[in-house]
*Asks:* 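Provided herewith is a single structure, encoded as structure tokens, for subsequent inquiry.
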Number of protein chains: 2
Amino acid sequence: MTATIRDVARLAGVSPSTVSRALSLPEMVNATTRARVAAAVEQLGYEPNRAARGLITGRTGTIGLVVPDLANPFFASLTKGVQARARHHDVAVFVADTDEDPAAEAGLVRALSKQVDGVVLCSPRASDEELAAIAQNTTVVLVNRTAVGLPGVAYDNEDGMRQAVAHLVALGHRRIAWVGGPATSWSTQHRGFGLRNAVEALRAELAPVGNFAPTYEGGMAAADQVVATGATAVVAYNDLVAIGLLARLHSRGISVPGDLSVVGVDDIAMSRMARPALTTVRLPKQEAGRIAVELLLAMLDDPDGAAEGSKHGELHGELIVRDSTGPAPQK
Amino acid sequence: MTATIRDVARLAGVSPSTVSRALSLPEMVNATTRARVAAAVEQLGYEPNRAARGLITGRTGTIGLVVPDLANPFFASLTKGVQARARHHDVAVFVADTDEDPAAEAGLVRALSKQVDGVVLCSPRASDEELAAIAQNTTVVLVNRTAVGLPGVAYDNEDGMRQAVAHLVALGHRRIAWVGGPATSWSTQHRGFGLRNAVEALRAELAPVGNFAPTYEGGMAAADQVVATGATAVVAYNDLVAIGLLARLHSRGISVPGDLSVVGVDDIAMSRMARPALTTVRLPKQEAGRIAVELLLAMLDDPDGAAEGSKHGELHGELIVRDSTGPAPQK
DNA sequence: GGTGAGTCTGCAATCGGTTGCAGTCTGTGT
DNA sequence: ACACAGACTGCAACCGATTGCAGACTCACC
């Protein structure tokens, strides 16, 4: 059906080996031969069979991506970034969605690992030990978190929280509530930590209201507790939670930002469309995917990991001020 | 590194052929031998190398999915459905995002087609001819549209529009505006058609305001024209457009649903969170992905297409009434 | 006991490439 | 004229599976 390397060889009047070399090690073959091969390749529209190549080289030209939930715009953007960068390197991407089920992750990665050269893993909930076990048999790059000994790309959450708090304090807020995401989530821990530091440095006060699902519903559920803290501003785990807060606050007749300022994290598309438009810490999502791919491919090209230094990527957020934050209300 | 079929054979004291058969054609091998093989497989954690198998069978156990934009929640849901169903069949999915560039599609599908058994293609803009050309060399299932001669799964847009119009007419609306998406989009054409029919059947009046980008910005841009038509209700191409409308109407001080009722299509997550919560025609998105996969796999198993009858899937939308529609204002 | 059918199992070819090794050819230095 | 290095190229083995074909063995039946 489709042309094989033998067809090309016949047409060019050379052996298959020469064709193979002309394609992968061009400097090893005579320029005129190379031209004949190129012509034959062109004429037949030949493209090497990846399965056959992979069989002998041990590389598949494919990477895997595991995310908790594709329908979450944060992960969708991440996937876009991974995908675009991989295509740029002529690498295909298997996407697997765990449906927010951390237990399924290990199995998925194991199944994937047989078919790919490496995996970009987005696993906010798994423990460091679980991750280490997974990385035992597969080349893995973490994304959106770190774990000792494993390469990864993550956000500088502390810096992001510092920006948010500085903004709020400048607006006169002194007591700031914090709606955390799942307690086991890496981001929850780091954002909480960053927040505590920032608040302390600026002589304000933090009022954590506990852990909630990282969803719109989570935000709705948290809203009343936020109000009860008496805080004049709130930082939410992410934008979905912040938008949930907005909804519940609105229905209780609490004005944003008049009575309460709200800050999210992520800057998903929806945040711009919320009412009031959400002030948030924008995280470069596609960028994270891109860097993760680069990291992974670099590791695959250099399995000994000589380039230890570059095994971590760190990305910075940027505060986007919109309409959900304003001056603290006068007592 | 990992166990091969030879290792298993040696451990079980049989030939590789027998191992292969024990796994793929169990009834061909003696029960006791089969048990020995099974034990060896278990002990070694053997799993057949897909590349090697694909080389000889010509099947890769992989399908491709091409979508315009993963960041669009509609396509993200679709992808989830495809992905879940494929995993259920132990088939991996390559995801490719064309970045809303119809020109890139053909190339992408061609590149993909070398590596997969078939492709689920979501291409709202391409012409029937372009699709036919693509399907020449690859097994393709269309999704979210139809084209003559090609298998696919699509929504019954006319039925959905009928539901929307019936709802609006029941609320007393007589003049209904229609904000179309891209003119070349299959869905725009079919929704427009369905709308005209429904409006005519119910003795109402349709006021089309032209074609806009299928985005929030598109909706913002369309809003003033909608108002200018004097309609008391508007059906938007999709939810993103509807939410854009909501935003612009709000900033102009036009009350929804007091002055104008708004209906979207899709029911993306964001619609529930809009203010007012959006009335919309819910399209079963994951279901579409699932059915497309089933269709594709069936075609692959039966290349002659004996099962002509089942080559099309049709899905129905369901009107979800929320707060953006209400009684028509009294003149 | 011999024959034939039937059931398993193994041999070896094959899929489409890649690569170590050896051979050919050309050109240069002496 | 000869030896030798260097540049290409081809042969053949190999990656890890699947599968047509044939051999081995069992069993029943005549």
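All values below were derived from every heavy atom in this structure, side-chain atoms included, with hydrogens, water molecules and symmetry-related copies excluded. Here is how names work: the chains are called A, B, and so on, in the same order as the sequence lines, proteins then strands, and each is numbered from 1.
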*Asks:* Can you confirm whether the side chains of A/S185 and A/S187 place a donor and an acceptor under 3.5 Å from each other?
*Replies:* no

*Asks:* Describe, as an angle rounded to 10 degrees, how the axis at the first end of the helix from C/dG1-D/dC30 to C/dT30-D/dA1 is tilted relative to the axis at the last end, five pairs per end.
*Replies:*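 Its terminal axes enclose an angle near 60°.
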
*Asks:* Looking at DNA chain C, which of residues 47-59 of chain B put a heavy atom within less than 4.0 Å of it?
*Replies:*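 Here the set is B/L55, B/I56.
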
*Asks:* Distances under 3.5 Å only, N/O to N/O: pair up the protein atoms with those of nucleotides 21-27 of chain D.
*Replies:*
none

*Asks:* Report yes if at least one side-chain N or O of A/T4 is closer than 4.0 Å to OP1 or OP2 of C/dC15; otherwise report no.
*Replies:* no

*Asks:* Separation of B/N30 atom CG from C/dG10 atom C1', in whole Å?
*Replies:*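 Taking atom C1' of C/dG10 as the reference, CG of B/N30 is at 15 Å.
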
*Asks:* Are the side chain of A/D301 and the backbone N or O of A/A298 linked by a donor-acceptor pair below 3.5 Å?
*Replies:* no

*Asks:* Taking N and O atoms by type only, does the side chain of A/S15 place a donor or acceptor under 3.5 Å from a partner on the base of D/dC11?
*Replies:*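 Per atom types, no contact qualifies.
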
*Asks:* Quick check on D/dA17: is either OP1 or OP2 less than 4.0 Å from any side-chain nitrogen or oxygen of B/S20?
*Replies:* no

*Asks:* Do the charged groups of A/R125 and A/D101 touch, with an N to O distance under 4.0 Å?
*Replies:*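 The answer is no: the pair does not qualify as a salt bridge.
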
*Asks:* Has A/Y46 got a side-chain N or O lying under 4.0 Å from the OP1 or OP2 atom of C/dG16?
*Replies:* no

*Asks:* Counting only distance, no hydrogens or angles, is the base of C/dC11 paired donor-acceptor with the side chain of B/S17 under 3.5 Å?
*Replies:* yes

*Asks:* Looking across every strand, which nucleic acid part, if any, lies under 4.0 Å from B/V14 by heavy atom: base, sugar-phosphate, or nothing?
*Replies:* sugar-phosphate

*Asks:* Regarding A/S123 and A/E105, do their side chains bring together a donor and an acceptor under 3.5 Å, going by distance alone?
*Replies:* yes

